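Following: one structure in structure tokens, then a few remarks.
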Amino acid sequence: MTVCEICNDNKASLRRPKTLQKLCKICFIRVFETEVHNTIMKHNLFYRGEKVAIGASGGKDSTVLAYVLKTLNERYDYGVEFVLLAIDEGIKGYRDDSLETVDRNRVQYEMPLTVVSYQQLYNWTMDDIVEAIGTKNNCTYCGVFRRQALDRGALSLGIHHIVTGHNADDMAETVLMNILRGDIARLDRCTEIITQSADSPAKRSKPLKYAYEKEIVLYAHFLQLDYFSTECTHSPEAFRGTARTLIKNLEAIQPSTIIDIIYSGEAITLKRKASGRQQVQQTCQRCGYISSNKICKACVLLESLNKNRPKIPVGHDTIPTLASTAKHLHNLTF
Ligand SMILES: Nc1ncnc2c1ncn2[C@@H]1O[C@H](COP(=O)(O)OP(=O)(O)OP(=O)(O)O)[C@@H](O)[C@H]1O
């Protein structure tokens with residue numbers, strides 16, 4: 001029998017993906033939780049009395065996040081009030097089912113739940129958007145709307161801190177994608193554990209930043225957490241998928257690849273341009289919401305949707321095309 005390398009007592013039942021240590025189930029659960037706790041402590045993520053919204057999608061990452069935060073809050077007495085905040089993007093056969101999971105998590109974890117929908121905020125569902133523009137750029141719309149919807153939901157609850165379930169694999173993929181795209185501005189920010197931008201009233205943090213996806217799945221499996229595992233029906237995300245495959249191939253040769261990429265991303269310091277554009281908080285001239293530009297990113301996208309521009313042939317002179325909207329978005333600061 002192979003014994004657990006931590007307790008030297010129980011039978012080892014897994015090889016830990018992050019360190020390749022042979023561990024028993026109990027020690028794995030404890031070590032996973034302790035690492036998340038250490039991340040929280042090292043970065044002073046919370047303060048006593050703080051109210052924090054957990055971006056809850058019903059998927060494995062945010063479900064594990066909610067469970068582990070509840071466990072650590074009780075074990076170490078953080079004194080934080082956690083609530084669940086879910087965005088309904090309006091995707092039939094995906095988000096409607098996952099929201100049922102979040103609603104069960106509300107009961108299981110005894111956390112209040114608020115649901116905010118794209119329909120109610122923007123008068124569009126993602127299903128409608130995909131019908132209008134197709135699947136090629138739909139993730140851009142969804143990402144911009146979700147970001148603002150989470151902010152608006154948190155603000156309506158008087159909350160200024162949102163935690164999300166982004167994990168180490170997500171972060172390594174993002175670092176690699178930004179390098180491959182030459183997106184230096186995003187590369188600079190993408191490894192930060194806490195972010196706050198001028199167009200948001202809430203800061204964001206990622207307590208699972210160093211947690212491997214495989215370990216999140218194992219943790220959820222051992223604790224039999226109730227999560228929803230279907231992929232979004234509209235998301236091709238081809239570039240991220242390719243970055244993921246590349247990382248998986250590298251991992252087969254070098255197991256520390258994910259953490260190495262994150263450390264590399266953190267270590268890269270960029271030369272600041274003296275003339276760099278400063279982000280200034282203002283209000284969107286169209287919807288009145290907080291923005292770092294005259295017109296917020298969501299309104300730029302809504303304008304293109306409402307004019308039904310994607311149906312107009314590319315190259316039209318007077319009405320901007322989807323491509324020019326994307327270019328416009330790229331030039332805005334976030
Ligand atoms: N509809 C939503 N409502 C609330 N939060 C969301 C929603 N979608 C995503 N998030 C937040 O953003 C994080 C990253 O989202 P992404 O879509 O990349 O998910 P994922 O890796 O599949 O995560 P999960 O397993 O939690 O769904 C999620 O862990 C969650 O905290």
Side-chain angles (χ1 to χ4, degrees), residues 36 45 52-69 82-103 105-106 109 111-122 125-127 129 138-154 156-157 159 161-174 177 190 193-195 200 202-209 211-221 225-237 239-241 243-244 247 258:
V36 179
L45 289 196
V52 176
I54 300 172
S57 64
K60 60 181 184 335
D61 300 310
S62 49
T63 303
V64 164
L65 180 65
Y67 178 85
V68 85
L69 288 179
F82 290 109
V83 304
L84 300 172
L85 175 59
I87 307 305
D88 181 358
E89 299 96 340
I91 306 172
K92 285 214 172 61
Y94 170 66
R95 191 54 82 209
D96 41 1
D97 292 339
S98 68
L99 284 175
E100 285 179 19
T101 313
V102 181
D103 197 50
N105 295 157
R106 170 184 66 81
Y109 307 157
M111 288 178 189
L113 165 67
T114 299
V115 182
V116 177
S117 74
Y118 286 4
Q119 177 67 57
Q120 129 204 13
L121 287 181
Y122 307 116
T125 64
M126 275 315 292
D127 286 344
I129 293 174
N138 82 89
C139 293
T140 305
Y141 287 77
C142 196
V144 170
F145 290 157
R146 184 184 306 121
R147 196 178 165 74
Q148 199 189 71
L150 278 168
D151 282 346
R152 286 178 182 252
S156 74
L157 298 166
I159 292 178
H161 186 176
I162 301 166
V163 288
T164 57
H166 290 95
N167 60 39
D169 299 50
D170 298 329
M171 189 154 284
E173 287 158 19
T174 307
M177 282 159 66
C190 73
I193 190 161
I194 304 174
T195 49
S200 170
K203 65 176 174 183
R204 312 254 164 158
S205 67
K206 306 180 184 88
L208 299 183
K209 173 185 170 183
Y212 276 35
E213 188 171 87
K214 280 182 196 154
E215 300 203 353
I216 289 173
V217 174
L218 273 175
Y219 182 81
H221 169 72
L225 300 186
D226 182 6
Y227 71 87
F228 182 79
S229 57
T230 304
E231 288 291 310
C232 174
T233 41
H234 296 317
S235 97
E237 283 229 85
F239 199 54
R240 180 172 289 275
R244 185 173 306 161
I247 292 172
I258 290 177

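These numbers come from the heavy atoms of this one structure, side chains and all, not from hydrogens, waters or symmetry mates. Nothing here was measured: the structure is a model prediction, and the numbers come from that model. Residue indices begin at 1 and follow the sequence shown. Indexing begins at 1, ligand by ligand and atom by atom, following the structure's order.
For the atom pair E89 CD and R95 CZ, the distance stands at 4.0 Å (nearest 0.5 Å). A distance of 8.5 Å separates CD1 in I87 from CZ in R146, rounded to the nearest 0.5 Å. A distance of 11.0 Å separates NZ of K92 from OG1 of T233, quoted to the nearest 0.5 Å.
Taking 4.0 Å as the cut-off between side-chain N and carboxylate O, R240 and D169 do not count as a salt-bridged pair.
Between F145 and Y122, the ring planes lie parallel to each other; the angle is under 30°, not in the 30° to 60° tilted range.
Contact shell of ligand 1 (protein heavy atoms, cutoff 4.0 Å): G55, A56, S57, G59, K60, D61, S62, L85, A86, I87, E89, R95, R146, L150, T164, G165, H166, D170.
Looking at T63, its side chain never comes within 3.5 Å of a backbone N or O of K60 through a donor-acceptor pair.
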